[in-house]
Amino acid sequence: MDESRINELRKALLKHELDALLITSPANIRYISGFTAGADARLLLTLEDQYIFTDSRYREQVVLECPSWNYQEEKPQGLEQLGKKAPGLHKIGFEALHVSYAFYQKMSRIKPVIWEPVAGLIEALRSIKTPAELDRLRAAARIGDEVFAAILPMIRAGAEEKSLADTIVHLLRQKGCEKEAFDAIVVAGENAALPHGRPGKRVLFPGDMVTLDFGGIFEGYAGDMTRTVAINPPPQGYKDIYQKVSEAQQVGLDSIKAGVSCREVDQQVRHCLQKHGLDQFFTHGTGHGVGLEIHERPTLSSNSEDTLMENMVVTVEPGVYIPGWGGIRIEDTVIVTKNGVEIITQSSKELLIL
Ligand code: ZN
Ligand code: ZN
């Protein structure tokens, strides 16, 4: 595991005047230690030491995945061993967004520690990807492209939303993903008017628009792409609105480079749709970071405080959702570069009438 991540985190501890950090988010545990069963473990990083608390089922896995972490046998949700490390640690940070109230009550019984809620320390480090992480994200995107190419011939009148979604999940795994990054979305016609509609028993008809949004996890890293296609004959107004969403997506891609604020990217996309009278139908943010989690920092939205930096990985996914008509969304995942973007989703965005 990358020791520089631990060093960076220790610097952050010093800056926040913390003696240690208790890490409970599974994705953060994986990022900092390499341990992949974070739901059953906790890490304690002090300025000198690093401990992993988990139960005996994982003893061997700790040796394999994170040998530099000091294994401490602890019952699931237990804090006994951690309590023994606490003397000498005055102020310990904990991940405010990743601790249950019940666990917090147990923590509070460990005396005389002062528990300091922190948020986003590790998430900030995670937002900028290393070359090895970028390669995994590129691989996840490539598998997404392959799955899209494979599913296209199956999108036809008579096919069922749910069975297409199931096939996508099967293909993602077959092509090397551990699992899906989120429930695959295949929604048609009026269902497509829900940005995150759930695939159901509905079958496709001529004249449907069909939105597919999916991604797999490759070596821990998520893929995320969306395409919308139509079944011949396309619905009324489809070509025209597709063209406008596509234009807005391109505006988003063109506005991204290191140093630009995330809010600015969102504004430009929104402005483009506004020009076409469609902004009231664009009801979510322009995009989000992707990495160990499907949604992570930074956020490309109107109230984002983040600034794009080189080697961040984000999605650009404007969509319009018109009640009673349907919806169109186009989403690529991109790597932020010094002067622009590397678009890692490579499937065509041309209008597709099947
Ligand atoms: Zn998506
Ligand atoms: Zn997305």
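For the numbers below, each heavy atom of this structure counts, side chains included, while hydrogens, waters and symmetry mates do not. Just follow the structure's listing: the first ligand is 1, and inside any ligand the first atom is 1.
The Zn ion (ligand 2) has an N, O or S atom of H288 inside 2.8 Å of it. D213 lies apart from the Zn ion (ligand 2) in this respect, since none of its N, O or S atoms is found at a distance under 2.8 Å.
Ring centers of H295 and F182: at least 6.0 Å apart, outside the cut-off.
Tested against V314, the residues V341, D332, L308, T333 include a single side chain to side chain contact (heavy atoms under 4.5 Å, CB included) partner, L308.
Summary: OE2 is the N/O/S atom of E331 found nearest to the Zn ion (ligand 2).
Rounding to 10°, one obtains 150° for the angle at the Zn ion (ligand 2) between OD2 (D224) and OE2 (E317).
The CZ atom of R173 lies 9.5 Å from the CD1 atom of I217; values are rounded to the nearest 0.5 Å.
Between E296 and K129 a salt bridge is recorded (basic side-chain N to carboxylate O distance below 4.0 Å).
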